[in-house]
**Q** 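First, the structure itself, so that you have it in front of you.
Scope of the values below: all heavy atoms of this structure, side chains included, with no hydrogens, waters or symmetry mates. Reminder, nothing fancy here: chain letters follow the sequence lines and each chain counts from 1. This is a predicted model, so every value here is computed, not measured.
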2 protein chains.
Amino acid sequence: MQSENLSDTAWRFIHHFGEMGSRWGISRTVGQIYALVYISHVPLNADDITHLLSFSRSNVSMGLKELQSWRLLRSEFRPGDRREYFKAPDDVWEIFRTLADERRRREVVPTLSVLRECLLDPKVTPEDEHFHRRMQAMYDLISMSNEWFIDIQKLSAEDLTALMHLGAHAQKLLHAKNRLLSLTGLTKTNETDEAP
Amino acid sequence: MQSENLSDTAWRFIHHFGEMGSRWGISRTVGQIYALVYISHVPLNADDITHLLSFSRSNVSMGLKELQSWRLLRSEFRPGDRREYFKAPDDVWEIFRTLADERRRREVVPTLSVLRECLLDPKVTPEDEHFHRRMQAMYDLISMSNEWFIDIQKLSAEDLTALMHLGAHAQKLLHAKNRLLSLTGLTKTNETDEAP
DNA sequence: CATTAATTTCAAAAATCCTTGAAAGTTCGG
DNA sequence: CCGAACTTTCAAGGATTTTTGAAATTAATG
């Protein structure tokens with residue numbers, strides 16, 4: 001299981017994120033590999049990971065490939081060494097943003113397509129009418145969240161942090177804004193919808 | 001597979017959410033059951049679901065039990081009928097909020113505990129110092145998101161919608177607020193941290 | 001309190017997903 | 001172009017997770 005070269009703390013961290021990964025659509029192995037690469041103080045090559053986590057070499061190779069497909073790894077080469085060294089981005093925000101964006105592309109966007117198709121189907125029975133309303137409600141919510149995320153992604157870590165700290169107080173701010181806008185005569189700019 | 005009593009559209013919807021479910025830590029079956037209950041125009045009992053989706057009766061029973069543990073179902077009884085009839089909440093926002101909150105409790109809170117424990121471990125080597133910084137960065141981000149979500153959950157569907165439409169523009173609003181506050185002399189109220 | 005209708009449990013079978021080692025592929029220096 | 005140093009592919013085997021049917025349980029009714 002655990003290699004001699006990992007501290008108990010590191011192992012606990014890695015192990016936990018392996019478990020979490022397996023609940024989030026990536027395998028245990030891939031979760032552990034990323035946790036290891038994330039905490040490592042130095043970039044790691046595939047063999048390092050093989051030894052530290054005692055997985056088979058091919059398993060590590062596939063895991064790294066998957067992590068790359070999620071755009072979660074940076075890598076570098078060294079003069080006189082053909083092996084690729086991997087590390088995670090320094091900024092945790094960037095990691096979460098990438099992860100969320102990749103899930104958005106892989107899961108949310110296709111879901112919106114399916115819903116859009118379903119919404120175009122003819123409604124013959126009264127039940128169909130009801131299905132339509134239910135699917136429309138779901139489409140609206142997912143579509144809005146999707147647009148919101150794309151929008152929010154542009155913000156810097158600092159601005160995001162500030163907004164999060166604002167939390168539910170933002171609501172008051174919003175009301176204040178609306179009062180202000182009604183004074184200045186400005187109008188809202190954004191309406192959410194996606195091309196079919 | 002598909003029962004005679006489900007329209008193609010309904011089936012497509014149900015099937016897709018089964019697939020999505022399996023990528024989100026719930027089984028295909030449970031995803032399909034919820035999709036069916038969600039679009040149904042009338043509350044369904046376990047046998048209805050068994051026939052419509054052609055799963056075994058016990059599979060449906062277990063699926064319903066799991067969905068109840070996620071607090072995603074409403075149920076009712078009818079006079080002269082001993083069977084329990086299930087339906088999903090009318091409001092999609094409520095469904096998403098419940099889902100997110102349940103994941104927060106089941107995954108985010110335990111993750112914060114593990115991280116907190118790891119952060120308390122003694123740091124003996126320079127690597128340990130680095131692990132600590134990395135885990136702290138992750139803890140800070142997750143903890144802040146957790147607090148933010150708890151906070152945001154209080155808002156009504158309307159306020160949430162308004163905030164989402166505001167999206168990245170909120171940033172400007174925030175800056176405007178800061179300028180205003182510096183004039184009025186008010187201070188920020190909320191700091192995020194959770195008791196150990 | 002026996003009967004019947006409904007639900008739940010549970011261990012085995014089925015299906016899916018993960019891991020591995022062997023073999024094939026790639027890339028570089030000479 | 002060869003061989004060394006790595007990496008990737010792939011089919012088989014192993015694990016884990018899902019699904020099922022039979023049996024047990026619960027609850028209401030005459």
Side-chain angles (χ1 to χ4, degrees), chain A residues 1-3 14-15 17-37 43-70 73-86 106-107, chain B residues 1-3 14-15 17-37 43-70 73-86 106-107:
Chain A
M1 275 268 133
Q2 182 187 165
S3 147
I14 289 167
H15 190 263
F17 279 87
E19 292 307 310
M20 282 300 112
S22 71
R23 294 198 190 183
W24 276 78
I26 64 168
S27 78
R28 208 151 309 201
T29 316
V30 174
Q32 292 193 11
I33 292 174
Y34 200 65
L36 172 61
V37 170
L44 299 171
N45 64 43
D47 279 317
D48 294 336
I49 299 170
T50 303
H51 297 135
L52 287 166
L53 299 177
S54 349
F55 293 137
S56 75
R57 183 50 232 274
S58 50
N59 205 354
V60 170
S61 176
M62 284 175 134
L64 287 171
K65 223 185 103 194
E66 185 173 351
L67 286 169
Q68 282 182 306
S69 85
W70 286 84
L73 291 174
R74 300 289 113 93
S75 74
E76 61 186 44
F77 288 95
R78 294 171 183 185
D81 187 342
R82 287 215 254 121
R83 289 169 297 181
E84 193 168 5
Y85 287 79
F86 299 95
R106 294 177 185 208
E107 285 147 30
Chain B
M1 272 271 135
Q2 180 187 169
S3 149
I14 290 167
H15 190 263
F17 279 88
E19 291 308 309
M20 281 300 111
S22 71
R23 294 198 190 182
W24 276 78
I26 65 170
S27 78
R28 208 152 307 203
T29 315
V30 174
Q32 292 194 11
I33 292 174
Y34 200 67
L36 172 61
V37 170
L44 300 171
N45 64 44
D47 279 318
D48 294 336
I49 299 171
T50 303
H51 298 134
L52 287 166
L53 298 178
S54 351
F55 292 137
S56 74
R57 183 49 233 272
S58 51
N59 205 355
V60 170
S61 175
M62 284 174 135
L64 288 169
K65 224 184 102 194
E66 185 172 351
L67 286 169
Q68 282 182 308
S69 84
W70 286 82
L73 291 174
R74 302 288 113 92
S75 75
E76 61 185 45
F77 288 95
R78 293 170 184 187
D81 187 342
R82 288 214 254 120
R83 289 169 297 181
E84 192 167 6
Y85 287 79
F86 298 95
R106 294 176 186 211
E107 285 148 30

**Q** Rounding to an integer number of Å, can you tell me how far B:F55 CZ sits from D:dG21 C1'?
**A**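 Distance check: B:F55 CZ to D:dG21 C1' gives 16 Å.
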**Q** In whole Å, I'd like the distance from the CZ atom of A:R78 to the P atom of C:dT27.
**A**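 One finds 21 Å between P of C:dT27 and CZ of A:R78, rounded.
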**Q** Are A:Y34 and A:L73 packed together at the side-chain level, in the sense that at least one heavy-atom pair is separated by less than 4.5 angstrom?
**A**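 When only atoms from C-beta onward are counted, A:L73 and A:Y34 do touch, with a gap below 4.5 Å.
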**Q** If I take atom CZ in residue A:R28 and atom P in nucleotide D:dA15, what distance separates them, rounded to the nearest angstrom?
**A**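 My rounded result for the distance is 14 Å.
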**Q** Would you kindly give the CG-to-C1' distance between B:N59 and C:dT7, to the nearest whole Å?
**A**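 About 14 Å, once rounded to whole Å.
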**Q** From CD of B:E84 over to P of D:dA27, roughly how many Å is that when rounded to an integer?
**A**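 Taking CD of B:E84 and P of D:dA27, I get 12 Å after rounding.
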**Q** Looking at every non-hydrogen atom in both residues, tell me the closest pair between A:I33 and A:L64 and how far apart they are.
**A**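 Minimum heavy-atom contact is CG2-CD2, 4.0 Å.
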**Q** Heavy atoms only, 4.0 Å cut-off, all strands: where does B:R83 land among base, sugar-phosphate and nothing?
**A**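 Counting heavy atoms under 4.0 Å across all strands, the contact made by B:R83 is with sugar-phosphate only.
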**Q** Taking atom C1' of D:dT25 as reference, at what distance in whole Å does atom CZ of B:R82 sit?
**A**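 Between C1' of D:dT25 and CZ of B:R82: 13 Å.
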**Q** Does B:R57 place a side-chain N or O at less than 4.0 Å from the phosphate oxygens OP1/OP2 of D:dT20?
**A**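 So the side-chain polar atoms of B:R57 never come under 4.0 Å of the phosphate oxygens OP1 or OP2 of D:dT20.
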**Q** Considering all heavy atoms of both residues, which atom of A:G18 and which atom of A:Q32 are nearest to each other, and what is their separation?
**A**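 Scanning both residues completely, I find the closest heavy atoms to be CA-CG, 3.7 Å.
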**Q** How long is the span from the CG atom in B:L67 to the CZ atom in B:F86, to the nearest 0.5 Å?
**A**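 Interatomic distance, B:L67 CG to B:F86 CZ, rounded to 0.5 Å: 9.0 Å.
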**Q** Within less than 4.0 Å of OP1 or OP2 of D:dT9, is there a side-chain N or O belonging to A:K65?
**A**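 Checking D:dT9 against A:K65, a side-chain N or O does come within under 4.0 Å of OP1 or OP2.
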**Q** Using a 4.0 Å heavy-atom cut-off, does B:S61 contact any base of the nucleic acid, only the sugar-phosphate backbone, or nothing at all?
**A**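 Base: the residue B:S61, judged by heavy atoms under 4.0 Å, touches a nucleobase.
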**Q** Would you mind telling me which residue lines up with the more 5' stretch of DNA chain D, B:I26 or A:S58, judged by nearest nucleotide?
**A**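 Result: A:S58.
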**Q** Give a yes or no answer on whether the side chain of B:S61 reaches the backbone of B:R57 with a donor-acceptor pair at less than 3.5 Å.
**A**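 Pair absent, no side-chain N/O of B:S61 close to backbone of B:R57.
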**Q** When you get a sec, tell me which of D:dC10, D:dC6, C:dT9 is the closest nucleotide to the side chain of A:M62?
**A**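 My answer, after comparing the listed nucleotides, is D:dC10.
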**Q** Round to the nearest Å and state the distance from A:L53 atom CG to C:dC18 atom P.
**A**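 Atom CG in A:L53 sits about 17 Å away from atom P in C:dC18.
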**Q** Using whole Å, report how far CG of B:D47 lies from P of C:dT7.
**A**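 Value for this atom pair: 6 Å.
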